[in-house]
There are 4 protein chains.
Amino acid sequence: MTSADQSTPPRPPARRARRADAERNRAAIIEAAAVVFAEQGCAVDVREIARRSGVGMGTLYRHFPTKDELLATVLEREFTAWLTAAHQAAAATEDPWEALTGFFEQALAHQAGNRALVESHTATGAASRVCARHREAFIDELRTRCVDAGLLREGVTTADLVLLSASLSQVIQATGDSHPGQWRRLLRISLDGLSSRNTEPLPEPGSRAESSANG
Amino acid sequence: MTSADQSTPPRPPARRARRADAERNRAAIIEAAAVVFAEQGCAVDVREIARRSGVGMGTLYRHFPTKDELLATVLEREFTAWLTAAHQAAAATEDPWEALTGFFEQALAHQAGNRALVESHTATGAASRVCARHREAFIDELRTRCVDAGLLREGVTTADLVLLSASLSQVIQATGDSHPGQWRRLLRISLDGLSSRNTEPLPEPGSRAESSANG
Amino acid sequence: MTSADQSTPPRPPARRARRADAERNRAAIIEAAAVVFAEQGCAVDVREIARRSGVGMGTLYRHFPTKDELLATVLEREFTAWLTAAHQAAAATEDPWEALTGFFEQALAHQAGNRALVESHTATGAASRVCARHREAFIDELRTRCVDAGLLREGVTTADLVLLSASLSQVIQATGDSHPGQWRRLLRISLDGLSSRNTEPLPEPGSRAESSANG
Amino acid sequence: MTSADQSTPPRPPARRARRADAERNRAAIIEAAAVVFAEQGCAVDVREIARRSGVGMGTLYRHFPTKDELLATVLEREFTAWLTAAHQAAAATEDPWEALTGFFEQALAHQAGNRALVESHTATGAASRVCARHREAFIDELRTRCVDAGLLREGVTTADLVLLSASLSQVIQATGDSHPGQWRRLLRISLDGLSSRNTEPLPEPGSRAESSANG
DNA sequence: GATGAATGAGGTTTCATTCAT
DNA sequence: GATGAATGAAACCTCATTCAT
């Protein structure tokens, strides 16, 4: 009566007895950790996370043998979720420029108020490695589309865009509570600086040329 | 009654001497703290600072009742020094735009490699309050000059410029060793977005309008 | 009432089958525990044992309600095995003294490299109780043979020999890798001190008389 | 009136103000640690030591940055105290053999009931290194005296004596409470085996020759 | 019976701050 | 005023044992 009503889902190959409970715990831990990390940054007490997820310390450390590992998992999950959404949004429009700006919009909106996520940009831990590569690949895709359409300023690299994203995301943190939404102005300014309307060449990476000629 | 019996206050210079010693200690502490904070960020052990300044913990805490207060003092001193230099640089040119770009250049170059300084942008401690105000005043001055000369994009506020500065300074930290100088490209892009060449209105602070029209 | 309703006990072999499985598990646990305890001493993580025996923690604890109990079982098994071999060796020679020295040789050789076995001499846990009794009985047998043949020094008790064995076994551990075989010298020295050639009386148990007169 | 009464001890060069208190704490810590380690072995909770010495955890770790360091200090102190006493005892007699036996007597009596001290023989930590060297030097001295007087069995090395000492000290632990003083019998036996009365050669280090010929 | 996830007290160590000298 | 030892609350992590499935 309880499980096998109609279209029985192909019974998982047994041995998953406790796994369900464990998976629920693991999910609870990640959930709680995500909240706590977002609220208070990477430096929180692990016990706070254990308390909020309703599990003991041992359980937490069974699933994540190290605080860093937990953090990495949480961040990766958030990165992935965000990238997935970004892909969908990008696929929903024909306009390359709209795809690019939409990406930035969404990236920043997503990171607003997530302290750990922002801190992770600075962190050099192994956590961000994988995520970084995924993000880079996607940004490169967006860039190529804009370049092909002649919309992007000459010489703008993927690294530039990655950096711009990281840069703005950290601003969000600072303005988060006091000036919500101000980052949109900065984003607009930067994007305008990225448009092919600007014809002056960018300084070579590593060069020390003067920054801008406004005449 | 105990030491100075025979009238004619014998040693006011003695107290002065003490004062000088204390002042020297204070300076040593700030000096050492500046180095340590710059090298290792805000999270260093206070004892490291005491050790490097050659004073005891008690002395340190007599001058600065809290680690945060010491940090604030250090940061403020650095802000002040930097702002002074910035003022001089700004006064040395007639061109308002050059003054503005020069400011950014110098601000960012100054912050490269100073971990505490960059972290302070995110920190909500009392440390940054004072500094923020000074910086703001100066940026506002630069902005006004540009606006008066018709060089700055319509609607750009001081807050925008402050945020841009903070934003880029954090990029410097992230790219510091691996991609030195890349921040100059980002700066150039942003400054181009700030020029009065861009005529589209910026989104209202707090609004959610679309970010950019590239047509 | 639940399983065997229709009289004629239907599946005693079934329960036997279960028993066999359990017995196999028990054997696997002991086997693995013996290896791990020998390698790493008594302080190993129980999970290491569970992992190596291929059973879950619950199974392990069903068979051995306590880590100490498992340890006791393992040690007893090893003692038994060793004692059996010792018995055979002792029965293979007519010479009582050779039987005694052979026993020591074999005891020590057997314990070289088994950390838990050596540690157990110091440990006051319930583990060593049983083993101790068996060993004692056998040593007493050897002693009696030597005494009857007039080969053993006057007054040497079984307890003395037990203690000598324990003592030397710990030496083996200490010298194990660096000076293999040095214990044989010590054994020889001790055995010579045990021979009936030495006629001075031993100090009473508990007495504080001077230890030796070498003249 | 308080300090400079008569024969003033040459005033310590100032700067020792707090040092006295700290030294008292350090002593208290070592004292407490010695007791606790002796009672319960090396594996005690550091907090127990802190509690018993009446200092906070921080104080303890200021003086001994690591539990191992504390243990090493305690052991070394005990070794030193013991060796000093042993030197004096050895100097008090003309008889080389009495000096040797006295040394063993005292060494073992001193270690009876000190769990950490005995455990340290097995431990390979850096703690015992220094102590070991001192002990070895002293034992070598005793040995030489006996050899020169023709009292010691041919071929007995310092290493043999060191090992014998360690071996017996561990026996003490095992018999400590139940059979106090039994180790004296074992010691006597071993010493008799060491006397020059025994003329059979010892097995070469590393050899596998038979252990003893009692005929 | 078997499984292995969950438990949580305890282990060592750090560090901002206070306080006796 | 200066000194630096003392403080003690956390922090991270381990592991013998229990218990739901």
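Chain identifiers are assigned alphabetically (A, B, ...) following the order of the sequence lines, protein sequences preceding nucleic acid strands; residue numbering begins at 1 within each chain.
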Enquirer: Rounded to whole Å, how long is the line connecting atom CG of B:Leu70 with atom P of E:dT17?
Expert: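 In whole Å, E:dT17 P lies 11 Å from B:Leu70 CG.
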Enquirer: Rounded to whole angstrom units, what separation is found between the CZ atom of A:Phe64 and the P atom of E:dA6?
Expert: 11 Å
Enquirer: Under 4.0 Å between a side-chain N/O of B:Asn25 and OP1 or OP2 of F:dA2, yes or no?
Expert: yes
Enquirer: Can you run down the side-chain hydrogen bond (donor to acceptor under 3.5 Å, both in side chains) pairs that involve residues 48-58 of chain A, sequence neighbours left out, and say none if there aren't any?
Expert: A:Glu39-A:Arg52, A:Glu48-A:Arg51, A:Glu48-A:Arg52
Enquirer: Looking at C:Arg77 and C:Glu31, is there a salt bridge between them, counting it only when a charged N and a carboxylate O are closer than 4.0 Å?
Expert: yes
Enquirer: Which distance, rounded to the nearest 0.5 Å, do you find between the CG of A:Leu117 and the CZ of A:Arg115?
Expert: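 These two atoms lie 12.5 Å from each other.
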Enquirer: Please give, in whole Å, the distance from E:dA16 C1' to B:Ile29 CD1?
Expert: 15 Å
Enquirer: Judged by atom type as modelled, is there a donor-acceptor pair below 3.5 Å linking the side chain of C:Glu119 to the main-chain atoms of C:Cys42?
Expert: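 Checking the backbone N and O of C:Cys42 against the side chain of C:Glu119, a donor-acceptor pair under 3.5 Å is found.
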Enquirer: Toss me the dot-bracket line for DNA chain E: Watson-Crick and G-U wobble, both under 3.5 Å, 5' to 3', using | for pairs to another strand and [ ] for crossers.
Expert: .||||||||||||||||||||
Enquirer: Expressed in angstrom and rounded to an integer, what is the separation of C:Glu69 atom CD from F:dT17 atom P?
Expert: 10 Å
Enquirer: In whole Å, I'd like the distance from the CZ atom of A:Arg26 to the C1' atom of E:dA5.
Expert: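 Value for this atom pair: 13 Å.
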Enquirer: Does any part of the side chain of A:Phe37, heavy atoms only, come nearer than 4.5 Å to the side chain of A:Leu75, both counted from C-beta?
Expert: no
Enquirer: Has D:Lys67 got a side-chain atom pairing as donor or acceptor with D:Val44's backbone, closer than 3.5 angstrom?
Expert: yes
Enquirer: Write down the atom of A:Arg24, the atom of A:Asp21, and the distance for their closest heavy-atom approach.
Expert: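 Looking at all heavy atoms of both residues, the closest pair is NH2-OD1, 2.8 Å.
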Enquirer: Who are the side-chain hydrogen bond (donor to acceptor under 3.5 Å, both in side chains) partners of D:Asn114, not counting sequence neighbours?
Expert: D:Glu78
Enquirer: Measure the distance from NZ on C:Lys67 to P on F:dT18 and round it to the nearest whole Å.
Expert: 14 Å
Enquirer: What integer distance in Å separates C:Ile49:CD1 from F:dT14:C1'?
Expert: 16 Å
Enquirer: Applying salt bridge (Lys or Arg N to Asp or Glu O under 4.0 Å), name anything that partners B:Arg26, two or more places apart in sequence or on another chain.
Expert: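 Scan of B:Arg26 (salt bridge (Lys or Arg N to Asp or Glu O under 4.0 Å), adjacent residues dropped) gives none.
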Enquirer: So which of residues 30-44 of chain A are in contact with DNA chain F, with a heavy-atom cut-off of under 4.0 Å?
Expert: A:Val44
Enquirer: Show every donor-acceptor pair shorter than 3.5 Å between a side-chain atom in residues 55-66 of chain D and any protein atom, with sequence neighbours excluded, or say none if there are none.
Expert:
none

Enquirer: Given atom CZ of D:Arg47 and atom P of F:dA9, what is their separation to the nearest angstrom?
Expert: 11 Å
Enquirer: Return the nearest nucleotide to the side chain of A:Val46; candidates are F:dA6, E:dT12, F:dC12.
Expert: F:dC12
Enquirer: Specify the closest pair of heavy atoms between D:Val74 and D:Ala34, including all atoms of both residues, with the distance to one decimal.
Expert: CG1-CA, 3.7 Å
Enquirer: For DNA chain E, which residues of residues 54-63 of chain B approach it to below 4.0 angstrom with any heavy atom?
Expert: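 Contacting residues: B:Met57, B:Gly58, B:Tyr61.
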